[in-house]
Amino acid sequence: GVTPRTRGGLVKVRPVGTGSAVAVVAPASPFDRDEFSRGIAELERLGLTPIYDDGVFEKHGFLAGTADRRARELAAAWRRADVDAIIAVRGGYGSLETLPWLVPEDIVRSRTALVGYSDITSLHVFLNVHVGLVSIHGPMLDGRLAAGVAAYDPVSLLSCLSENPVGELTPPGVDVVRPGEARGPLVGGTLTQLVGSLGTPWPFTPPRGHILFVDEVGERPYRLHRMLTQWRLSGGFERAAGIVVGQLPQSDEPGGAYTGAGVILDVLADFPGPVLIGFPSGHTTTPLVSLPFGVETVVLAGSRPGLVVAEAAASR
């Protein structure tokens with residue numbers, strides 16, 4: 001059969017529904033066992049069937065086992081025909097280390113969705129830009145699924161994994177930095193990982209006309225400024241049609257002299273396209289809204305700011 005693709009040419013993932021098996025992996029930092037158990041229970045409550053290997057509990061310093069172990073776990077999940085999606089337990093640090101072991105051909109053939117955010121950005125970049133597969137910027141077990149619907153939005157998560165476009169997302173708290181409208185494939189993630197990919201064999205080099213999603217947490221304003229400036233000087237903003245920024249929690253200086261939002265205004269002063277800030281995906285203080293990366297998305301920076309996800313990420 002013909003491989004289903006997005007308008008931008010990326011391969012779509014297989015849909016996930018009631019009874020689907022979800023491989024639970026730990027490609028980055030280790031985690032709390034209680035959080036893990038609560039996250040597993042929440043996946044089951046959603047009608048999914050979580051499966052995992054005990055290797056997920058391994059620890060190697062500040063990592064969830066050696067790079068070799070974490071990569072083998074990911075590769076095995078992508079090779080399994082009975083796995084419909086892969087979800088990370090948590091981010092932290094370490095996903096980038098697994099990339100040398102991953103085989104793009106196996107991943108494209110599987111069309112298995114990866115779900116995660118934060119450090120999982122390294123894997124999103126690899127999938128969206130270098131493998132050519134869409135992925136889901138969504139909740140992980142630790143701190144999100146484990147905390148239930150107070151911490152993540154189940155409707156958008158399941159919608160991203162379905163055969164229908166997510167459609168309009170206009171959550172409260174999204175502000176217009178620069179008005180306008182733009183359309184293109186939505187890609188991005190945590191700023192630290194995006195700029196950290198530059199100079200590696202798998203740099204974040206999104207297509208011209210993309211919508212850039214930028215997320216970050218606990219980064220002081222000058223550090224945000226430094227990373228955004230590096231991205232600007234690398235030519236990154238020139239290729240973007242629109243920019244959507246997350247909530248940037250814990251990114252203001254004590255006393256409010258300098259803020260994360262202020263830095264966005266400053267660095268993006270000359271950006272010609274629409275810019276939104278405060279979109280609740282990734283690191284949020286409100287329930288995390290899942291976004292499909294790699295699919296055609298419209299930025300609405302007007303009276304009802306938000307996004308319209310115009311095509312489905314999944315297809316049979």
Side-chain angles (χ1 to χ4, degrees), residues 16-20 22-50 52 56 64 85-92 113-121 124 135-162 166-175 186 188-190 213-219 244-252 259-261 276-293 304-307 309 313:
V16 170
T18 305
S20 286
V22 179
V24 177
V25 298
S29 293
F31 49 86
D32 179 83
R33 286 263 187 147
D34 290 339
E35 287 284 298
F36 181 84
S37 301
R38 286 195 293 271
I40 292 289
E42 181 66 9
L43 285 172
E44 289 169 342
R45 192 188 71 79
L46 292 175
L48 304 172
T49 306
Y52 58 91
V56 80
I86 301 168
I87 188 164
V89 184
R90 68 160 294 191
L114 174 80
V115 182
Y117 70 102
S118 196
D119 186 72
I120 307 304
T121 296
H124 287 305
S135 58
I136 313 300
H137 190 252
M140 299 182 282
L141 276 68
D142 195 297
R144 293 291 174 175
L145 290 162
V149 296
Y152 85 104
D153 169 42
V155 176
S156 60
L157 172 61
L158 296 174
S159 185
C160 282
L161 294 163
S162 81
V166 175
E168 190 173 291
L169 293 168
T170 51
V174 182
D175 293 318
L186 179 71
T190 316
F213 180 78
V214 176
D215 172 40
E216 203 43 87
V217 64
E219 290 289 358
V244 182
V245 183
Q247 292 182 343
L248 304 179
Q250 302 152 39
S251 297
D252 298 347
T259 65
L276 297 177
I277 193 167
F279 195 93
S281 193
H283 298 93
T284 64
T285 56
T286 55
L288 182 159
V289 173
S290 296
L291 294 171
F293 276 173
R304 287 190 66 202
L307 299 173
V309 180

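- Minimum heavy-atom separation, Gly92 to Ser118: N-OG, 4.4 Å.
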**OP:** Go through the steps for Val89 and Val24 under the test side-chain contact (heavy atoms from CB on, under 4.5 Å), then give the verdict.
**Re:** CA-CA 6 Å; Val89 184; Val24 177; 3.5 Å; yes
**OP:** Check the pair Leu141 / Phe31 against side-chain contact (heavy atoms from CB on, under 4.5 Å), numbers first and verdict last.
**Re:** CA-CA 10 Å; Leu141 276 68; Phe31 49 86; over 6 Å; no
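- Residues in residues 27-40 take part in these salt bridge (Lys or Arg N to Asp or Glu O under 4.0 Å) pairs, two or more places apart or across chains: Glu35-Arg38.
- Within the model, atoms CD1 of Ile136 and CG of Leu158 stand 11.0 Å from one another, a figure rounded to the nearest 0.5 Å.
- Counting all heavy atoms, side chain and backbone alike, Thr49 lies closest to Gly19 at OG1-O, 3.4 Å.
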**OP:** Using the side-chain contact (heavy atoms from CB on, under 4.5 Å) rule, take Val309 and Leu186 through it: C-alpha gap first, then chi angles, then the decisive distance, then the call.
**Re:** CA-CA 9 Å; Val309 180; Leu186 179 71; 5.6 Å; no
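- Listed by chain and number, the residues in a side chain to side chain contact (heavy atoms under 4.5 Å, CB included) with Ala147 are Ala151 (sequence neighbours excluded).
- Of all non-hydrogen atoms in Gly246 and Ile277, the two that sit nearest each other are O-CG1, 3.7 Å.
- Here His124 contributes atom NE2 and Asp119 contributes atom CG; the two are 10.5 Å apart, rounded to the nearest 0.5 Å.
- One finds the OG1 atom of Thr259 at 9.0 Å from the CG atom of Leu248 (value rounded to the nearest 0.5 Å).
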**OP:** Could you walk me through whether Tyr152 and Leu145 pass the side-chain contact (heavy atoms from CB on, under 4.5 Å) test, one step at a time?
**Re:** CA-CA 7 Å; Tyr152 85 104; Leu145 290 162; 3.5 Å; yes
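- For the residue pair Glu44 and Pro50, the shortest heavy atom distance occurs at CG-CD, 3.6 Å.
- Counting only heavy atoms from C-beta outward, the side chains of Arg45 and Val149 approach each other to under 4.5 Å.
- Scanning both residues, Val22 and Ile87, for their nearest heavy atoms gives CG1-CG2, 3.4 Å.
- Legend: salt bridge (Lys or Arg N to Asp or Glu O under 4.0 Å) pairs involving residues 136-162, not counting sequence neighbours: none detected.
- Within the 3.5 Å criterion, the main-chain N or O of Gly47 finds no donor-acceptor partner in the side chain of Thr18.
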Enumerate donor-acceptor pairs with a distance under 3.5 Å from any side-chain N or O in residues 167-175 to protein atoms, sequence neighbours excluded.
from: Glu168; atom 1: OE2; to: Arg304; atom 2: NH1; distance (Å): 3.2
from: Glu168; atom 1: OE2; to: Arg304; atom 2: NH2; distance (Å): 3.3
from: Thr170; atom 1: OG1; to: Arg304; atom 2: NH2; distance (Å): 3.1

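- Every residue two or more places apart in sequence or in another chain that forms a side chain to side chain contact (heavy atoms under 4.5 Å, CB included) with Val217 is listed here: Pro249, Gln250, His283.
- Partners of Ser20 according to the side-chain hydrogen bond (donor to acceptor under 3.5 Å, both in side chains) rule, which considers only residues two or more places apart in sequence or in another chain, are Asp84.
- Applying the side-chain hydrogen bond (donor to acceptor under 3.5 Å, both in side chains) criterion to Thr286, with sequence neighbours excluded, gives Gln247.
- When all heavy atoms of Pro139 and Val115 are compared, the pair lying nearest together is O-CG1, 3.5 Å.
- Although no hydrogens or angles enter the test, the distance criterion places no donor-acceptor pair under 3.5 Å between the side chain of Asp215 and the main chain of Gly189.
- Summarising the geometry, atom CD1 belonging to Ile86 is positioned 6.0 Å from atom CG belonging to Leu114; distances are rounded to the nearest 0.5 Å.
- Considering only residues two or more places apart in sequence or on other chains, Phe213 meets the ring pair (Phe, Tyr, Trp, His ring centres under 6.0 Å) condition with His137.
- A distance-only check finds a donor-acceptor pair linking the side chain of Arg90 to the backbone of Pro30 [under 3.5 Å].
- Side-chain atoms of Ser159 do not come within 3.5 Å of backbone N or O of Ser156 as any donor-acceptor pair.
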